[in-house]
Visitor: 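Here it is, the structure, as C-alpha cells.
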Amino acid sequence: MSQSDLFTPYQAGALSLANRVVMAPLTRNRAPGSLPNALMAAYYAQRASAGLLITEATAISHQGQGYADVPGLWNDEQVKGWRAVTDAVHAAGGKIVTQLWHVGRVSHTELQPGGGAPVAPSAITAKTKTVLIHDGVPAFADTSAPRALESAEIPAIVQDYRRAARNAIAAGFDGVEVHAANGYLIDQFLKTGANQRSDEWGGSIENRARFLLEVMRVICDEIGGARTGIRLSPVTPANDIVDADPQPLFDHVVRQLAPLGLAYIHVIEGATGGPREVADRPFDYAALRQSWRDAGGTGAWMVNNGYDLALAAQALAEGADLVAFGRPYIANPDLVERLRQGGPFNKPDRATFYGGREKGYTDYPALDSVPA
C-alpha cells in the first residue's frame, strides 16, 4: 500500500471513519471533580480531523479512579459534561469513542471512596506511580497497597462497565473502547504477575481471561459489538505488569472475542510509550492478528506505539487497518494534515502533559495559523 492509504475512508463496525488515522487515548488530568468541561470540548474538537478520536481513559466508577482530575462516566453530571464534548466533535465532523477504565491497583487511597485501599485481583502492590494534584500542582506518588477483591464483588464491577457503556451512548459517543491494557484492572486479571488467585478468576488462562470476556459480553449486549473496541498490550511492562507466557494467553483472548462482532481490536506493540520490541518478551503480533481472523474476527485491527508516516504505511501494507498516534497528537491538533504534508510538527512541552489549563493543551497552533 502507498502512504496515501492512511488517508482513505474506512468502516470499522458501525464507525464510518474519514481516514485511518486514530488519536490514541492520552491522560491529561484536566477534569477537576471528574467532570468533563468546556476546555476538554475545545481540545477534542481541535483534533476532530482524525478518522477516530479515542478519549483519555475515563473511570467507570469512583473506585475505578487512579489519577487526580481524570474524567468519569458514572453519573448524570458527567454524562452532561461529555455531551458537550461529543457535540463539539460531531460539529467539527469527527467521530469519537470513550475509553472505559478501571485502574485496579494503580491508585492511591487519596483517590478512593472513603480513603479505602484500591482493589485488585490479588493483594500485590504495583511498583509504579500515580498522579496527585495539590493546590493545582501535579506530582507523582507511589501507588497504595491494594486489597484482593472478594469473588462476590466482581460481578458488580462487570455491571459498572455495562452502566458506563450505556452512559457513553447517552452522552453522544459513537462507541466505546474497553481499556484492557497497560497494567490496569482487566490486565491485572489477565497476567500472572498480578493475578495469583485460586478461584474461578485465576490460575488457568481461561480463568484469568474470564473477567475481560464477561466485561466485553455485557457491553456488547448493552450497546452492540459494532460500537465496541478493546485495547490490549500483550508485553508492556507498564505499571509493573508481566505475564509468564503471553502468546497463548492473548491468542485465547482474541479467539474468544472474535464472535462478538467488535468494531476493532487496538494492540499496543511492545512497551507502552517505549521500545517496540521488549528484549526479554518476544511476541508475534502477526500471529495474534491471524488468530483473530481465523476465529472469525471481522473488526478492524488497530496498531499502536511509536508510529510515523513510513511505519504506518508499512503496517497497512502488512495487514493492519487503522494506526493510532498518541504523543504526536498532544502538540499537533491537525496531525492528519501534517502527516499528509510530511510536516512540520510542533514539539510537545512535557511540563504541561498532566494538569493545568490551556497552556500545552489547546494553545498549539495548527498549520493554517502559522505564517508562511
Side-chain angles (χ1 to χ4, degrees), residues 22-48 50 53-59 65-72 81 85 99 101 103 106-108 110-111 126-144 179 181-184 233 236-240 268 270-276 304-308 324-339 343-367 369-371:
V22 177
M23 177 180 161
L26 295 160
T27 295
R28 304 302 306 276
N29 303 85
R30 282 169 167 86
S34 300
L35 292 174
N37 51 58
L39 184 64
M40 291 169 58
Y43 169 78
Y44 284 110
Q46 286 177 342
R47 289 153 177 80
L53 300 175
I54 308 172
T55 73
E56 61 213 275
T58 299
Q65 287 184 310
Y67 301 80
D69 291 0
V70 297
V85 175
Q99 189 186 62
W101 193 32
V103 299
V106 185
S107 188
H108 192 281
E110 185 175 311
L111 303 170
K127 298 174 183 176
T128 188
K129 304 282 188 180
T130 186
V131 175
L132 303 179
I133 297 178
H134 295 145
D135 297 324
V137 179
F140 289 101
D142 290 337
T143 55
S144 300
H179 197 345
N182 294 359
Y184 298 115
S233 58
T236 185
N239 291 314
D240 192 30
I268 299 170
T272 303
R276 290 176 49 76
N304 182 324
N305 202 16
Y307 275 87
D308 57 17
F325 296 82
R327 288 187 181 177
Y329 257 115
I330 291 177
N332 299 281
D334 53 349
L335 183 64
V336 172
E337 188 59 32
R338 291 176 186 269
L339 289 169
F345 299 96
N346 298 322
K347 293 184 179 180
D349 176 8
R350 292 186 60 88
T352 61
F353 279 7
Y354 306 111
R357 292 288 299 167
E358 292 87 351
K359 182 175 173 56
Y361 190 59
T362 56
D363 61 349
Y364 288 106
L367 279 172
S369 67
V370 178

Visitor: Just say parallel, tilted or perpendicular for the rings of Tyr67 and Tyr184, cut-offs at 30° and 60°.
Guide: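 Answer is perpendicular, since the angle exceeds 60°.
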
Visitor: Do you know the tightest heavy-atom contact between Ile133 and Ala68?
Guide: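 Heavy atoms only, the tightest pair is N-CB, 3.6 Å.
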
Visitor: Kindly give the heavy-atom pair with the smallest separation between Leu111 and Ser107, and that separation in Å.
Guide: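 Here Leu111 and Ser107 meet closest at CB-OG, 4.1 Å.
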
Visitor: When rounded to the nearest 0.5 angstrom, what is the spacing between OG1 in Thr27 and CD in Gln99?
Guide: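 Going from the OG1 atom of Thr27 to the CD atom of Gln99 covers 7.5 Å.
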
Visitor: I need the full list of salt bridge (Lys or Arg N to Asp or Glu O under 4.0 Å) pairs touching residues 348-362, with sequence neighbours left out, sorted by first then second residue.
Guide: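 Residue pairs passing salt bridge (Lys or Arg N to Asp or Glu O under 4.0 Å), neighbours aside: none found.
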
Visitor: Identify the two heavy atoms, one from Ile268 and one from Ala181, that lie closest to each other, and give their separation to 0.1 Å.
Guide: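 For Ile268 versus Ala181, the nearest heavy atoms are CD1-CB, 4.2 Å.
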
Visitor: Minimum heavy-atom separation for Gly356 and Arg30, please, with both atom names.
Guide: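 Here Gly356 and Arg30 meet closest at O-CG, 3.4 Å.
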
Visitor: Could you check whether any side-chain N or O of Thr272 sits under 3.5 Å from a backbone N or O of Thr236, counting only pairs where one atom can act as donor and the other as acceptor?
Guide: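 No, the answer is negative, given that no donor and acceptor are paired below the 3.5 Å cut-off.
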
Visitor: Have Thr128 and Asp240 got a donor and an acceptor in their side chains that come within less than 3.5 Å?
Guide: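 On atom types as modelled, these side chains do not qualify, holding no pair under 3.5 Å.
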
Visitor: Measuring only between side-chain heavy atoms, which start at C-beta, is Asn37 closer than 4.5 Å to Pro32?
Guide: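 In short, these two side chains touch, coming nearer than 4.5 Å.
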
Visitor: Between Phe140 and Tyr354, what is the ring plane arrangement, given parallel below 30°, perpendicular above 60°, and tilted in between?
Guide: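 Perpendicular, since the angle between the ring planes exceeds 60°.
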
Visitor: Please list, one pair per line, the donor and acceptor atoms closer than 3.5 Å that link side chains of residues 325-335 to other protein atoms, with sequence neighbours excluded.
Guide:
from: Asn332; atom 1: OD1; to: Arg338; atom 2: NE; distance (Å): 3.4
from: Asn332; atom 1: OD1; to: Asn346; atom 2: N; distance (Å): 2.7
from: Asn332; atom 1: ND2; to: Pro328; atom 2: O; distance (Å): 2.9
from: Asn332; atom 1: ND2; to: Asn346; atom 2: O; distance (Å): 3.2
from: Asp334; atom 1: OD1; to: Arg338; atom 2: NE; distance (Å): 2.7
from: Asp334; atom 1: OD2; to: Leu367; atom 2: N; distance (Å): 2.7

Visitor: Parallel, tilted or perpendicular: which describes the rings of Tyr361 and Tyr43, with under 30° parallel and over 60° perpendicular?
Guide: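 Tyr361 vs Tyr43 ring planes: parallel.
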
Visitor: Could you walk me through whether Val70 and Thr58 pass side chain to side chain contact (heavy atoms under 4.5 Å, CB included), step by step?
Guide: CA-CA 7 Å; Val70 297; Thr58 299; over 6 Å; no

Visitor: Please name the pair of heavy atoms, one in Thr130 and one in His108, separated by the smallest distance, quoted to 0.1 Å.
Guide: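 Nearest pair, atom of Thr130 first, then His108: CG2-CB, 4.0 Å.
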
Visitor: Within the structure provided, determine whether Pro71 and Met40 are in side-chain contact (heavy-atom separation under 4.5 Å).
Guide: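 Yes; the side chains approach each other to less than 4.5 Å.
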
Visitor: Got a second to check how far Asp142's CG is from Leu132's CG, nearest 0.5 Å?
Guide: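 Those atoms lie 10.0 Å apart.
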
Visitor: One pair to check against side chain to side chain contact (heavy atoms under 4.5 Å, CB included): Tyr44 and Met23. What are the steps and the verdict?
Guide: CA-CA 10 Å; Tyr44 284 110; Met23 177 180 161; 4.0 Å; yes

Visitor: Run Phe345 and Leu339 through side chain to side chain contact (heavy atoms under 4.5 Å, CB included) and show every step you take.
Guide: CA-CA 9 Å; Phe345 299 96; Leu339 289 169; 4.2 Å; yes

Visitor: Sub-3.5 Å donor-acceptor pair from the side chain of Asn239 to the main-chain atoms of Asn182, do we have one?
Guide: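 Between the backbone of Asn182 and the side chain of Asn239 there is a qualifying donor-acceptor contact (under 3.5 Å).
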
Visitor: Nearest 0.5 Å please: distance from the OG1 atom of Thr143 over to the NZ atom of Lys127.
Guide: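 So the OG1 of Thr143 and the NZ of Lys127 are separated by 11.0 Å.
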
Visitor: For Gly360 versus Arg28, what's the shortest heavy-atom pair and its separation?
Guide: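 Between these two residues, the closest heavy atoms are O-NH2, 2.8 Å.
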
